2 protein chains.
Amino acid sequence: MKERDAELRALVGYGVKRANSALVGGVAQLLGRFDLRRTTFSALSVIANNAGIRQSDLAEVLAIERPNLVQILDEVQRAGWIARARDGADRRVYRLTVTAAGLARLTEAGDALRTYDARLTRGMSAQERTALIAALRRVEENGLHALDEEAWEGPDVGEISTT
Amino acid sequence: MKERDAELRALVGYGVKRANSALVGGVAQLLGRFDLRRTTFSALSVIANNAGIRQSDLAEVLAIERPNLVQILDEVQRAGWIARARDGADRRVYRLTVTAAGLARLTEAGDALRTYDARLTRGMSAQERTALIAALRRVEENGLHALDEEAWEGPDVGEISTT
DNA sequence: TATTGTTATACTCTATAACTATA
DNA sequence: TATAGTTATAGAGTATAACAATA
C-alpha cells in the first residue's frame with residue numbers, strides 16, 4: 001500500500017524536516033542529563049575548539065542571531081563552564097574560553113551524544129554515513145541560495161567544499 | 001584550515017539541524033506566495049491524496065499533535081481549500097476533502113515547491129538524491145527509537161521500509 | 001559613523017492538560 | 001469509560017529594532 005504522504009516523501013525538504021523532528025526530542029532528553037541543550041552544547045563545543053573566540057564570530061559559526069546567543073552564553077556561564085573576558089585591545093568584545101569544568105562536561109556529553117548519533121545511522125555503512133553528512137552539507141548550502149536563483153534553469157553542477 | 005565547528009559537523013544530527021534551518025526560510029517564503037505554510041501545504045497534500053481522511057489520522061500521518069492540527073485546518077478551511085464533513089456513522093469524526101480551489105492551489109504551490117526542492121540537491125545525481133531521501137527516512141526511523149535502546153551494542157542491521 | 005554585546009519583543013512551532021460531544 | 005475534536009497554555013527556537021559602550 002502506498003504511503004499516505006507519498007507525495008511529500010518525494011521532497012528532500014520534507015525528509016529533512018521529519019528527520020529533524022524525530023531527532024529533537026531524543027537529543028534534548030540526552031543532553032538534558034548533562035544540563036545542556038542543543039544550543040548550549042554546540043556553543044560549548046565551538047568555544048572549546050576555538051579558545052578566545054568572540055561572541056559575534058561564535059554566532060556566525062553557529063548560524064544563530066547575536067541576541068539569541070546572549071542568553072545561551074549566560075546559561076553556560078552561570079553553570080561555570082565558560083569565561084567571558086574583555087579583550088584588551090578592543091574593549092567592546094568578549095573573548096570566550098571553556099573552564100576545566102566546562103571541558104569535562106563537554107567531553108561527557110559529547111561521548112554520549114556521539115553514541116546516540118551513531119545509532120541514527122544504524123543499518124548504514126560508514127560510506128553511506130559519510131555520504132549523508134556530505135549531502136546534508138550540500139543541501140544546507142543550496143538551501144541558503146535556492147531563492148536567489150529563481151531564474152536558474154539547467155543542471156548546474158556548482159562545487160562546494162565538502163572536506 | 002579546519003572548520004571551527006568541525007567537531008559538530010561529524011554529527012548527523014547537527015547536519016540535519018543545519019540543513020533544516022537553511023531550508024525553513026526559503027520554503028516559508030515560497031509557500032507564502034500561495035498563502036501557505038509548511039504545515040498547511042502538507043495537510044493539503046495528504047488530504048488531496050486521501051479523500052475522506054479523519055483529522056486524527058491526518059495528525060498521525062504528519063506526525064503532529066491533534067491540537068496543533070486544529071488551527072492548521074481552520075486556516076485551510078477558511079481559505080476555502082478543504083471541507084470538513086461529519087461522518088454519518090460516527091458523528092464525532094470529521095471527514096476531510098479538498099475543494100476544487102484547494103486542489104488548484106495545491107497544484108500551483110506543489111509545482112513551485114518541487115522546483116525549489118530539486119534545487120536543494122543541485123550537484124547531486126538522481127541516485128544520490130534518492131539515496132539521501134532514503135537515508136533521511138532511516139535516520140527518522142532510528143531517531144524515534146534511539147533512546148529506547150540505551151543497551152544497544154553491535155552493528156545491528158535492522159531493515160526498515162524505504163519503498 | 002560603525003561595531004559589540006545587550007534588552008525587549010514578537011512570531012512560529014511544538015507539547016500537554018483538560019474540556020465537549022459523542023460513542 | 002473511551003475516543004474525536006477542541007481550547008487554552010506554555011515552552012522552545014528564532015527574528016528584528018533599538019540601546020549603551022566603545023571604536
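Side chains are part of it too, since the values below use all heavy atoms of this structure and drop only hydrogens, waters and symmetry mates. So you know, we letter chains A, B, ... as the sequences are listed, proteins then strands, and number each from 1. Predicted model, so just to flag it, every value in this text is computed and none were measured.
dG13(D) atom P lies 7 Å from atom NZ of Lys17(B), rounded to whole Å. Per the geometry, CG belonging to Leu36(A) stands 14 Å off P belonging to dA12(D), to the nearest Å. Between the CG atom of Asn20(B) and the C1' atom of dT12(C) there is a distance of 13 Å, given to the nearest Å. One interatomic measurement links the two molecules: CZ of Arg84(B) to P of dA21(C), which rounds to 16 Å at whole-angstrom precision. In this structure, Ile64(B) places its CD1 atom 11 Å from P of dC13(C), rounding to the nearest Å. Whole-Å rounding puts the Gln29(A) CD to dA15(C) P distance at 13 Å. Rounded to whole angstrom, the span from the CG atom of Leu31(B) across to the P atom of dC13(C) amounts to 11 Å. Note: CD (Gln71(B)) to C1' (dT9(D)) measures 12 Å, nearest angstrom.
The side chain of Tyr94(B) lies closest to dG5(D) when the candidates are dG5(D), dA8(C), dA15(C). Nearest to the side chain of Arg37(A), among dA15(D), dG13(D), dG5(D), sits dG13(D). Looking at the side chain of Arg54(A), the nearest of the listed nucleotides dT4(C), dT14(D), dT16(C) is dT4(C). Of all nucleotides listed (dA15(C), dG13(D), dA8(C)), dG13(D) comes nearest to the side chain of Thr39(A).
Across all strands, Arg38(B) comes closer than 4.0 Å to no nucleic acid atom at all (heavy-atom distances). Nucleic acid contact for Gln55(B): sugar-phosphate only, since backbone atoms but no base atoms lie under 4.0 Å from a heavy atom of the residue. Residue Ala89(A) is in sugar-phosphate contact alone, with no base atom involved, counting any heavy-atom pair closer than 4.0 Å across all strands shown.
Taking the nucleotide of DNA chain C with the nearest heavy atom to each of Arg92(A) and Val70(A), the more 5' of the two is matched to Arg92(A). Along DNA chain D, the nucleotide nearest to Glu65(A) and the one nearest to Gly88(A) differ in position, and the one closer to the 5' end is contacted by Glu65(A).
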Run the numbers on Ser45(B) and Glu7(A) for side-chain hydrogen bond (donor to acceptor under 3.5 Å, both in side chains), then give the verdict. CA-CA 7 Å; Ser45(B) 169; Glu7(A) 187 177 53; 2.5 Å; yes
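Checked for salt-bridge contact, Asp74(A) and Arg84(A) meet the test: a charged N lies under 4.0 Å from a carboxylate O. Under the 4.0 Å criterion applied to side-chain N and carboxylate O atoms, Asp117(A) and Arg129(A) are assigned as salt-bridge partners.
Remark: Glu108(B) CD is packed, more than 12 non-hydrogen atoms of other residues, nucleotides or ligands lying under 6.0 Å away.
Phe34(A) does not carry Arg105(A) over the face of its six-membered ring by the limits of under 6.0 Å from the centre and within 45° of the normal.
In terms of polar N and O atoms assigned as donor or acceptor, the side chain of Arg91(A) never comes within less than 3.5 Å of the base of dT22(D) in a complementary pairing. Side-chain atoms of Asp90(B) and base atoms of dA4(D) include no donor and acceptor less than 3.5 Å apart.
When the side-chain nitrogen and oxygen atoms of Ser56(A) are compared with OP1 and OP2 of dG5(C), one or more of them lie within a distance under 4.0 Å.
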